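Index from 1, following the sequence. Source: prediction; values computed, not measured.
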Amino acid sequence: MKNIAVIGAGTMGNGIAHTFAQFGYKVHLVDISQNSLDKGIATVTRNLDRMLAKEKISNEDKLQTLANIKTFTSIKEGVEHCDLVIEAATENVDLKLNIFKELDAICNVETILATNTSSISITKIASVTNRPDKVIGMHFMNPVPIMKLIEVIRGYSTSDEVTKTIMALSEKLNKVPVEVNDYPGFIANRILMPMLNEAIYSLYEGVAGVYEIDTVMKLGMAHPMGPLQLADFIGLDVCLSILKVLQDGFGNPKYAPCPLLVNMVTAGKLGVKSGEGFYDYSESRKAEKIAKQFL
């Protein structure tokens with residue numbers, strides 16, 4: 001397995017492309033927007049420059065990694081002759097189902113189709129294809145080049161052979177793959193999102209402020225960043241979407257998103273990517289300045 005296609009050039013997509021390319025794989029990065037592709041390659045270049053400055057890679061490594069990535073605005077051209085396609089598009093069920101229908105129709109019958117979804121059912125995605133045994137979840141963590149974990153999610157019909165192939169491939173990327181079964185939120189987000197939601201509820205109910213909540217979790221629980229900062233980093237719209245998947249999937253009110261989270265997303269306060277969430281990122285991407293609303 002040497003030829004990999006990645007669908008979507010956003011934060012996760014360009015990170016996945018970067019990682020595979022750095023380990024010598026030929027990567028086709030596919031996005032319908034040329035602007036998104038240009039931004040994705042620019043991000044990969046900046047990240048490689050940071051690694052170069054820290055002497056983690058050589059200039060030759062950087063140039064070879066970039067040379068291993070080709071960009072395409074056509075899915076059909078981008079996935080041709082690829083052994084594995086990883087979908088990393090927006091976390092939207094209908095969009096993903098349409099992409100997988102198209103991939104199933106144009107890819108070689110032996111091609112494995114993977115999704116980077118953080119919460120949507122692998123079984124549901126696989127159901128729109130004629131190869132459910134070859135559909136699997138590869139949930140990378142952000143930032144992809146740095147984070148070690150890959151959550152490998154088996155759909156109801158995912159074969160043992162495909163699972164073993166993806167587990168072995170993940171290890172070749174110097175990652176740690178963990179196999180889980182296909183239930184809402186899998187493991188990472190089933191545990192993480194209720195914690196973030198509870199932190200938002202604690203703020204909403206006036207139990208403590210932004211700084212206090214994050215400080216308690218950082219210093220008391222040894223978390224590298226507080227839950228509100230982490231929610232900003234993930235994207236509050238993404239957090240809301242995953243909580244809705246959990247709520248719908250389990251029918252349990254404990255997963256109901258906090259009204260404050262719903263209001264912030266409605267108001268366009270999405271965290272780092274919008275410039276404001278629980279923190280103000282207008283001057284720095286670091287969570288150093290609490291948003292005016294929460295002072």
Side-chain angles (χ1 to χ4, degrees), residues 1-52 56-92 95-96 99-100 102-103 106-108 111-118 135-152 165-166 168-177 234-235 238 273:
M1 186 173 288
K2 281 295 180 183
N3 300 309
I4 313 294
V6 179
I7 310 295
T11 300
M12 297 305 294
N14 69 61
I16 294 168
H18 171 170
T19 301
F20 273 98
Q22 190 174 331
F23 280 83
Y25 293 88
K26 301 300 181 184
V27 180
H28 291 183
L29 183 58
V30 184
D31 199 295
I32 58 172
S33 166
Q34 184 61 50
N35 184 52
S36 294
L37 288 168
D38 293 341
K39 287 182 177 179
I41 294 299
T43 298
V44 173
T45 303
R46 283 196 303 273
N47 289 336
L48 287 168
D49 284 337
R50 289 192 187 98
M51 297 174 76
L52 182 61
K56 292 184 176 181
I57 61 172
S58 67
N59 191 56
E60 290 75 15
D61 293 331
K62 171 192 167 181
L63 295 176
Q64 186 58 59
T65 297
L66 291 171
N68 283 340
I69 304 175
K70 292 184 178 180
T71 61
F72 297 82
T73 54
S74 164
I75 287 184
K76 186 174 182 179
E77 293 177 9
V79 302
E80 191 175 11
H81 305 308
C82 285
D83 306 302
L84 168 68
V85 180
I86 304 172
E87 171 274 315
T90 304
E91 195 75 347
N92 176 286
L95 174 63
K96 291 184 186 294
I99 289 173
F100 272 79
E102 184 173 2
L103 291 174
I106 61 181
C107 288
N108 183 289
T111 301
I112 296 173
L113 306 181
T115 173
N116 182 57
T117 182
S118 56
V135 177
I136 195 165
M138 289 185 77
H139 181 204
F140 291 80
M141 305 294 133
N142 185 28
V144 180
I146 296 172
M147 298 292 279
K148 288 286 190 181
L149 176 66
I150 299 179
E151 206 174 15
V152 177
T165 297
I166 295 303
L169 177 65
S170 300
E171 290 175 350
K172 290 178 181 177
L173 300 175
N174 199 26
K175 302 294 188 185
V176 178
I234 293 168
V238 175
K273 61 185 170 185

Gap separating the [atom1] atom of [X] from the [atom2] atom of [Y], nearest 0.5 angstrom:
{"X": "I41", "Y": "S36", "atom1": "CD1", "atom2": "OG", "result": "12.0 Å"}
{"X": "N68", "Y": "H28", "atom1": "CG", "atom2": "NE2", "result": "10.5 Å"}
{"X": "I99", "Y": "L113", "atom1": "CD1", "atom2": "CG", "result": "11.5 Å"}
{"X": "L84", "Y": "I4", "atom1": "CG", "atom2": "CD1", "result": "4.5 Å"}
{"X": "I136", "Y": "I112", "atom1": "CD1", "atom2": "CD1", "result": "7.5 Å"}
{"X": "M138", "Y": "K175", "atom1": "CE", "atom2": "NZ", "result": "10.0 Å"}

For this session: Return the set of residues passing ring-ring contact (aromatic ring centres under 6.0 Å, His included) with F20 (not counting sequence neighbours), or none when no residue passes.
Result: Y25

Could you tell me if the side chain of [Y] sits less than 4.5 Å from the side chain of [X], heavy atoms only?
{"X": "V44", "Y": "L29", "answer": "no"}
{"X": "T73", "Y": "Q34", "answer": "yes"}
{"X": "L103", "Y": "I75", "answer": "yes"}
{"X": "M141", "Y": "I146", "answer": "no"}
{"X": "I57", "Y": "Q22", "answer": "yes"}
{"X": "I150", "Y": "V176", "answer": "no"}
{"X": "V6", "Y": "V85", "answer": "no"}
{"X": "H18", "Y": "V144", "answer": "no"}

Is the backbone of [Y] close enough, under 3.5 Å, to the side chain of [X] for a donor and an acceptor to pair up by distance?
{"X": "K273", "Y": "I234", "value": "no"}
{"X": "T111", "Y": "C107", "value": "no"}
{"X": "K62", "Y": "L52", "value": "no"}
{"X": "E151", "Y": "F140", "value": "no"}

Exercise. Would you say the side chains of T115 and E87 form a donor-acceptor pair under 3.5 Å?
Worked result: yes

Where do [X] and [Y] come nearest, in terms of heavy atoms and distance?
{"X": "N14", "Y": "G40", "value": "CB-O, 3.7 Å"}
{"X": "A21", "Y": "V27", "value": "N-CG2, 3.7 Å"}
{"X": "S170", "Y": "V152", "value": "OG-CG2, 4.3 Å"}
{"X": "G78", "Y": "V30", "value": "CA-CG2, 3.8 Å"}

For this session: With sequence neighbours left out, write down each residue that passes salt bridge (Lys or Arg N to Asp or Glu O under 4.0 Å) with D61, or none if nothing qualifies.
Result: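 Residues passing salt bridge (Lys or Arg N to Asp or Glu O under 4.0 Å) with D61: none at all.
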
Problem set entry | Salt-bridge present (D83, K2; N to O < 4.0 Å) |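 No, this pair does not count.
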
For this session: Output yes when K76 and E102 qualify as a salt bridge under the 4.0 Å nitrogen-oxygen rule, no when they do not.
Result: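 Not counted as a salt bridge, because no side-chain N and carboxylate O are separated by less than 4.0 Å.
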
Exercise. How about K70: does its NZ atom have over 12 heavy atoms from other parts shown lying under 6.0 Å from it?
Worked result: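 No.
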
Problem set entry | Atom CD1 of I32: over 12 foreign heavy atoms under 6.0 Å | no

Seminar exercise, completed: salt bridge (charged side-chain N to carboxylate O under 4.0 Å, His left out) pairs touching residues 23-41, sequence neighbours excluded, are none

For this session: Before giving the answer on side-chain contact (heavy atoms from CB on, under 4.5 Å), spell out for K148 and N174 the whole-Å C-alpha distance, their side-chain angles and the decisive distance to 0.1 Å.
Result: CA-CA 7 Å; K148 288 286 190 181; N174 199 26; 2.9 Å; yes

Exercise. side-chain contact (heavy atoms from CB on, under 4.5 Å) between N142 and T11: does it pass, once the steps are laid out?
Worked result: CA-CA 8 Å; N142 185 28; T11 300; 3.6 Å; yes

